Amino acid sequence: MSVLIRRLLLTTAVSCMSCLLVACGPQKLPSGLVYCSEGNPETFNPQLITSGTTIDATSHQIYSRLVDYDTKTGQLVPALATRWSESEDGLSYHFTLRKNVKFQSSSRFTPSRDFNADDVLFSFNRTIDSNHPYHNVSRTGYPFFQSIGFAEQVKHIEKVNDHEVVFHLARKDVSFLSNLATDFAVILSAQYADEQLTAGHPENVDQFAIGTGPFALVQYAKNEYIRYRRHEDYWGERAKVEMLVFDITPKSTVRLAKLITGDCSVSALPKAGELPVIAEHNNLNIESQPGLNVAFWAFNTQKPPLDDVRVRRALAYAVDKQNILRAVYQNTAIEAIGILPPASWAYDSNKSLINYDPPRARELLKEAGVSNLSIDIWAMPVARAYNPNALKTAELIQSDLANIGVKVNIVSYDWSVFSQRLSRDEYDSVLIGWNADNSDPDNFFTPLLSCSAMDSNSNRSRWCNPHFDDILNRAREVTTQTERKLIYQDAEAFLAAQVPMLSLAHAKRVALTRNDIHDMQLTPFGGISFSQTSQATTEAN
């Protein structure tokens, strides 16, 4: 029996496939792809989280957005909106919606109409209107939208007719369209939501997802797998495979072993030390490209003595980032000299560095009157594109800080517990990071360090500075890249002076594939998509 047949049986493929498997004679199996993912999604609605694990499992598999990014050019392109226009004052955006777009169906929902303006209004009003019947269904809030102040930015959304909507803004914001192209700005079914609300189960909308994307969610077994089937009525280019399975495999070494044996065809987030193993197998490939991401060490500036900038600067001076690059990333990343990566058009390679300088670190601690300091470093238990091994990074920082007389206690939990406790602000500092959702530089600043991001818990530094917010507001109001780049350099300089976080590295985005996988596209930002990925067909005897 072929590897593909075993995989499809193990993932309890649809009943019609079972008929094919028991038929006599050679039979062509439905095409399927198994992806070894690193963890469980927290929800199946990406509006509710900022976790990359959840984004990968939802945004580009199940859903569509009004606008998208072209994966080759990085330019905004039509999706559920076929065209759009901006008013002269920049305070309204008029969208013409695509016709004949079909929603997916499931055992819980059979759509009786196509996508229309009501779905746009439901999807966004839910996030911005505190009186909306679905607003409080999410116990996590809407962190991305809250972090960018979306509710304050959008005055109201007008339905012109079934295929035209207008977003009316309170202030000009050149990043508005980019934010509508993020992985969080997905379109949900208003009809499905109404039915579930009437039935008394509104939470089903977030857990048993319905969208207009290339794949429909079939089944989720926690810690085991997620199964999807191709959405045959997808409005875009139909997915190349009929079935998609996320094989949930937290350990990187196990993911690699499954890839080698053929139990997975694509594998997520390899550790840098595992990459040489790939060279020993002619049937395996490494897919990589520079990423729009940053790994950072965030200081909880609400906790003494981390509320003292001298202490934060001292800790930053103590860290040997080059050693982290060697030991953790092994030539798969470059040193971060600010929050923006080189792939961003606003990046400036001439910024001054916070150099590795332990003597200066000791001087600053003495100046601040701090001795016998002991702090916790929380480290993510899962690999991410920006940091393949946060625990190892924490150990290296622990050693560096011991050299300046600071004791470090490393804290980690299972990912679900880690993310929940992180939102309670119980930590001293945390090793985490950010993978951009779009190419606009604002995506690195506002969701991570604005005052509004404090309310959404995406500001891990718990740092709110009105002057910094003014800089970001100014950058969103000007229209030319030249002007905006200068303003973002002001923002970088201000961060370097205040040190709410220490940027560590910008990593390549890496995935491992078998040779029979074609058109595997990695983008520098956003979640992974398998809509155009194909695998060589297999025949059963």
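Just so you know, these numbers use all the heavy atoms, side chains as well, and skip hydrogens, waters and symmetry mates. Worth saying up front: this structure is predicted, and the values here are computed from it rather than measured.
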Fill in: Short N-O contact, Asp400 and Lys321, less than 4.0 angstrom
no
Discussion item. Taking Glu38 first and then Arg384, would you say they form a salt bridge - that is, a charged N and a carboxylate O separated by under 4.0 Å?
Written reply: yes
What class does the angle between the rings of [X] and [Y] fall in, given that below 30° is parallel, 30 to 60° is tilted and above 60° is perpendicular?
X      : Y      : value
Tyr192 : Phe109 : tilted
Tyr69  : Phe525 : perpendicular
Tyr35  : Phe246 : perpendicular

Can you check whether [Y]'s main-chain N or O pairs, donor with acceptor, with [X]'s side chain at less than 3.5 Å?
X      : Y      : value
Glu42  : Ser51  : no
Gln104 : Gly211 : yes
Arg312 : Val499 : yes
Arg230 : Ala239 : yes
Arg126 : His135 : no
Asp56  : Gly527 : no
Ser123 : Ile187 : no
Thr301 : Ser461 : yes
Glu274 : Lys271 : yes
Thr127 : Phe124 : yes

Worksheet entry | side-chain contact (heavy atoms from CB on, under 4.5 Å) between Gln330 and Leu275, worked out | CA-CA 9 Å; Gln330 299 183 26; Leu275 297 182; over 6 Å; no
Look at atom [atom1] of [X] and say whether more than 12 heavy atoms of other residues, nucleotides or ligands are closer to it than 6.0 Å.
X      : atom1 : result
Arg139 : CZ    : no
Asn331 : CG    : no
Asn282 : CG    : no

Worksheet item: Taking Asn45 as the fixed residue, which of Asp206, Thr58, Thr54, Thr140 is the one that meets the side-chain hydrogen bond (donor to acceptor under 3.5 Å, both in side chains) rule?
Response: Asp206
I'd like to know if the side chain of [X] pairs up with that of [Y] as donor and acceptor (distance under 3.5 Å, no hydrogens or angles considered).
X      : Y      : value
Ser64  : Thr212 : yes
Ser412 : Trp378 : no
Gln535 : Asp516 : yes

Discussion item. Contact between Asn387 and Phe296 at the side-chain level, heavy atoms closer than 4.5 Å - yes or no?
Written reply: no
Item to complete: With the side chain counted from C-beta on, respond yes when Asp437 and Asn179 share a heavy-atom pair under 4.5 Å apart, and no when they do not.
Response: no
Can you tell me how far [atom2] of [Y] sits from [atom1] of [X], rounded to the nearest 0.5 angstrom?
X      : Y      : atom1 : atom2 : value
Asp440 : Ser344 : CG    : OG    : 8.5 Å
Arg460 : Leu422 : CZ    : CG    : 4.0 Å
Thr523 : Ile528 : OG1   : CD1   : 8.5 Å
Ile324 : Thr393 : CD1   : OG1   : 5.5 Å
Leu256 : Lys258 : CG    : NZ    : 12.0 Å
Asn459 : Ser452 : CG    : OG    : 8.5 Å

Discussion item. For Tyr488, run the ring-ring contact (aromatic ring centres under 6.0 Å, His included) check against Phe444, Phe445, Tyr347 and tell me which one passes.
Written reply: Phe445
